[in-house]
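Throughout, a chain's letter reflects where its sequence line sits, starting with A, and its residues are numbered from 1.
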Number of protein chains: 2
Amino acid sequence: MFNQRWSVACAAIALPLMPAFAFAAEKTGMSSEGIFVLELILLLVVGRGIGEVLEIFGQPAVMGQLIGGILLGPSLLGWMWPAAERLIFADDPTQKSMINAVAQLGVLMLLLLTGMETDLRLVRRVGRACFSISAAGVAVPFALGFIAAQFMPDTLLAAGSERIVAGLFLGTALSISSVKIVAMVVRDMNFMRRDLGQIIVSSAIIEDTIGWVVIAITIGIAKKGHVELGSLAFTIVGVAIFMAFSFTLGRRIVFDAIRWTNDTFRSEYAVVTVILAIMGAMALITDLIGVHTVLGAFVAGILVGESPILSRHIEGQLRGIITALFMPVFFGVAGLSADLTVLIDPQLALLTLALVVIASIGKFGGAFIGAEVAGMSRAEGIAVGCGMNARGSTEVIVASIGLSMGVLSHNLFTMIVTMAVITTLAMPPTLRWALRRLPMGEQEKKRLEREEIDQRGFVANLERLLVVVDEGVVGRFAAYLAGVIGAGQPT
Amino acid sequence: MFNQRWSVACAAIALPLMPAFAFAAEKTGMSSEGIFVLELILLLVVGRGIGEVLEIFGQPAVMGQLIGGILLGPSLLGWMWPAAERLIFADDPTQKSMINAVAQLGVLMLLLLTGMETDLRLVRRVGRACFSISAAGVAVPFALGFIAAQFMPDTLLAAGSERIVAGLFLGTALSISSVKIVAMVVRDMNFMRRDLGQIIVSSAIIEDTIGWVVIAITIGIAKKGHVELGSLAFTIVGVAIFMAFSFTLGRRIVFDAIRWTNDTFRSEYAVVTVILAIMGAMALITDLIGVHTVLGAFVAGILVGESPILSRHIEGQLRGIITALFMPVFFGVAGLSADLTVLIDPQLALLTLALVVIASIGKFGGAFIGAEVAGMSRAEGIAVGCGMNARGSTEVIVASIGLSMGVLSHNLFTMIVTMAVITTLAMPPTLRWALRRLPMGEQEKKRLEREEIDQRGFVANLERLLVVVDEGVVGRFAAYLAGVIGAGQPT
């Protein structure tokens, strides 16, 4: 009588009733904490729900969180039912800064995770090819975006912001690919171990790494409000010193701090706190240099990810809550700030279309040229170009920062978000199409088969078993089994 | 030349420099996001650092987080260096609500975890004894606290708050033991499997469960500002309906939602999001009933914890970030609100001392009477009384809510926090002393030995191995080893 489907249906019905519920509650008076909780639930459930649907269609789930935020904002909910939207996502600054605090902590956590997943060893292994691809792939769209900003109508500029600063932001927003989304499609297509797949992913990694430095410097300039040689030099020198320090002494300090905490502390999860403290400290340093906290969090992530004793267990713990809580809130809040209803204006709609075209041509063209320079075939170049055209999360972060600093107008922000959604959703099908055209070479096939065998036989020839296990049930069981085997063999 | 100790020393030196750093940065202008990050780092590092020191001395680490907040607030930092404290923990409401948002999300997450760890099966197994202990253990200190509030000086009342409402809060704050801290000491002393240990822990569990309902109703009354029969009846009926719904239909919906998500969704960590959404939805319901969000989060935790398919993996993910991030921030923010400098006033110091005495006598006496009623020996009754006198986290949560609602004055809040710290720190040594006096009976010894053997021999007599493994390296290795064993035995 009462089955699973029924109770899921219950929950599904409850969801659209929530705004109504909240509206009814206005009379009884909902506490500011209640509104905060309601905002969180809506962003989580709608964002991840749409993300799930996108994932079924082979699209990145993160776009669902952004689209969820757009639908809950002025674009849909606020357009259909302004009173509910005003009540839930209130304009009151104290209320607003609550959800913003979670989003800001979220973007730091997201960059920590991005850094942890940035595998610079892959880049070293792949070598030269990805450098020309990423250099051309960043330079061409950046230049196009900067030029486009010089010709856009005055109405798109934020009040009091200089055209040249807006141009830097637009150029940056057009030029950085999203590693996460590129890697997802490449893995999906089983290209992760193939040469081309590794070239595409490592190009995206380099773009991202360069990208955060470019973004940091752009923000440093934007904070002054205008380009000034002295402060520009200060910012660039500051970033250079920070990067140099981080990858020498800083790396050592991070490794030692994690190891020392792990060996010494009795408190539960002390290492996780230390990782968060490192993230915070480095974010603070970049904030004090005058660039943005995101650069510090990203570099902290790279260092933490390279730490020799970081277990998969700890990484999984951070990844779980970041994926399940912080990312949906951050992208949801970004979506809330976009107002797609402005695109009803035909001029803005046309300009947005132009932005999509400029972004795609710039990115595809730049990456394709880079691939040609590296001596790759035309078909491979097309695949590289298609792969790099996913902007996804990075542009949204850049645009959010630009909006919050008052450098981008609300309309330009909406246009950039729309562009990011369209180019990101277009990328998986085009890359799939381009990769399907590329059969495997004879030599590559042999290499993959050899690697496969190496992977499988990892304990086949051991005479002495040394098992490192974690504390879980499975770990204890593995140790037990190892004991059984060991007893039956000469050790 | 450059060793581990050296770089730890670097980090240790950097820490006290942080406020100075921030102070210097005031000239260059730190962004509001930078201040937010600085607050987080300080609360995390100081709180968990002191917690580690306490843990070495056999004290609960959570008290360190509270003490850390106290030291960073007006009690020490603000007293020694007011300018730095004003800069970092600014009074600006928008800035303040950022760290408060994390603390509020934190208390919900903390109660989710508390609920997940609430093992009602243990209570059912132990049975009758714990009911009389917890009933008397709550009733006596509640009554004493309520009476004490009727005689305290007017200056301790918050402006515009009724004495009777403050009395309800004070009574509640005196009456709830902290399961987490009790369980920690009992586990430390190796009493977790012994009868007495199980009675103590399950009494604390019942107190906690009753406690959150009492707190919810108290808050419901406090929101009206005065006791009124109609609204009191509404609150009690509302809570009763909520509890009845949660443990019947609600339990079923929660189980099914988790199972359905786990079976259906492709997105990473979808179950974690669903758990958070359930927590949010139930918190919202209790908020709309007019009691506080904490009750909903706690009940959600109980239901989620009972879910049959909840893996230890998911629980570990939530526990990691809650322990490493949300708890230190919540207790730190609570500590920031306390101002121990007011205790220089001899009258307030004496009143605080009186509060500690009343709280201890009430709690010890109540639990001891309950143990006598249940027919336990005098020595056992003393151990039960000592164990129940740890208030820890719960009172701090109650007091924080009372302060934020304007029911408790700042001075009374400081007194309650001081009382909670003192009674909690006094509990581990007294309980250890009381337990050490209790040798094991003959019958109990036999039961424990039998259980020990059952536990150890869990695969000794298997003929067929069925291994359930997770995706990690250890898991794959366990599966491999199981295959090796299986091959050498008749299956």
Sort out for me which of E268(B), Q104(B), K96(B) touches chain A most, counting heavy-atom pairs under 4.5 Å.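 Of the candidates given, the most pairs with chain A belong to Q104(B).
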Partner chain A: residue of V37(B), N100(B), I278(B), I275(B) with the largest heavy-atom pair count (under 4.5 Å):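 Of V37(B), N100(B), I278(B), I275(B), V37(B) has the most heavy-atom pairs under 4.5 Å with chain A.
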Which atoms of [X] are under 4.5 Å from chain A, going by heavy atoms: the side chain, the backbone, both sets, or neither?
X       : result
L318(B) : side chain
M327(B) : neither
V102(B) : side chain
L40(B)  : side chain
I321(B) : side chain

Option that, when pairs with chain B are counted at under 4.5 Å, heavy atom only, ranks first among [options]:
options                            : answer
V274(A), L108(A), T286(A), T323(A) : T323(A)
G280(A), P93(A), A61(A), S97(A)    : S97(A)
R266(A), M98(A), E55(A), Q95(A)    : R266(A)
S267(A), A277(A), A283(A)          : S267(A)

Donor-acceptor pair, distance only, cut-off 3.5 Å: does the side chain of E52(A) make one with the backbone of F265(B)?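 The answer is no, because no donor-acceptor pair under 3.5 Å joins these two groups.
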Would you mind reporting whether [Y] and [X] have side-chain heavy atoms less than 4.5 Å apart?
X       : Y       : result
Q317(A) : R319(B) : no
I322(A) : Y269(B) : no
L325(A) : V272(B) : no

Measure M405(A) against the heavy atoms of chain B and call it side chain, backbone, both or neither at under 4.5 Å.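 Contact with chain B involves no heavy atom of M405(A) at all.
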By side-chain hydrogen bond (donor to acceptor under 3.5 Å, both in side chains) - contacts of E33(A) (at least two apart):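 Applying side-chain hydrogen bond (donor to acceptor under 3.5 Å, both in side chains) to E33(A) gives H292(B), T293(B).
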d(L284(A) CG, I41(B) CD1) to nearest 0.5 Å is 5.0 Å
Nearest atoms (heavy-atom pairs only) where A324(A) meets T273(B):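 Closest heavy-atom pair between A324(A) and T273(B): O-OG1, 3.1 Å.
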